[in-house]
**Student:** 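For reference, the structure I am asking about is given below.
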Amino acid sequence: MSKRKRYSVEFKKMIVRLYESGTSVTDLTSEYGIASATIYKWNDLYKKDNDTGVSKADLLEGQTIVQWYRQTDCASL
């Protein structure tokens, strides 16, 4: 059984930028060995919203910080 490969956030964002600049999913899959479904998933997660300039990843990170803040004594400072 193969081990799942982990990619850095920087690498994922690079793939999204390449995709958004016109590189086809087929080319990205061939060059980097990433499944097409993974590329589409990363694009959905890291692409910036046209109106707000915020990605889903940014929103999820913000939610995580808020949850941590609420669970610690920092909220009472």
**Student:** Which value, rounded to the nearest 0.5 Å, describes the distance between Arg17 atom CZ and Lys48 atom NZ?
**Tutor:**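 One finds 10.5 Å between CZ of Arg17 and NZ of Lys48.
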
**Student:** Hey, do the aromatic rings of Tyr7 and Trp42 have their centres closer than 6.0 Å?
**Tutor:**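 Distance test on ring centres: under 6.0 Å, yes.
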
**Student:** Could you tell me if the side chain of Thr38 sits less than 4.5 Å from the side chain of Ser36, heavy atoms only?
**Tutor:**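 Result no, sub-4.5 Å side-chain heavy-atom pair not found.
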
**Student:** Supply the atom-to-atom distance Glu20 CD to Ile15 CD1, rounded to the nearest 0.5 angstrom.
**Tutor:**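 So the CD of Glu20 and the CD1 of Ile15 are separated by 12.0 Å.
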
**Student:** Below 4.5 Å, heavy atoms only, C-beta onward: do Tyr32 and Met14 meet side chain to side chain?
**Tutor:**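 The answer is yes, as the side chains (C-beta and beyond) meet within the 4.5 Å cut-off.
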
**Student:** Atom CZ of Phe11 and atom CZ of Arg6: how far apart are they, to the nearest 0.5 Å?
**Tutor:**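 If I round to the nearest 0.5 Å, the distance is 14.5 Å.
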
**Student:** Return the NZ to CG distance between Lys13 and Leu45, rounded to the nearest 0.5 Å.
**Tutor:**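 Between atom NZ of Lys13 and atom CG of Leu45 there are 9.5 Å.
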
**Student:** Ignoring hydrogens and angles, state whether a donor on the side chain of Asp27 or Ser30 is under 3.5 Å from an acceptor on the partner side chain.
**Tutor:**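 Side-chain D/A pair, Asp27 to Ser30: absent.
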
**Student:** Rounded at 0.5 Å granularity, tell me how far CD1 in Ile39 sits from OG1 in Thr26.
**Tutor:**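 Output value for this atom pair is 8.5 Å.
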
**Student:** Within the distance-only criterion (no hydrogens, no angle test), does the side chain of Thr29 pair as donor or acceptor with the backbone N or O of Ile34 below 3.5 angstrom?
**Tutor:**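 Yes, because the side chain of Thr29 sits within donor-acceptor range (under 3.5 Å) of the backbone of Ile34.
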
**Student:** Please report the interatomic distance NZ(Lys47) to OH(Tyr19), rounded to the nearest 0.5 Å.
**Tutor:**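 With rounding to 0.5 Å, NZ (Lys47) is 8.5 Å from OH (Tyr19).
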
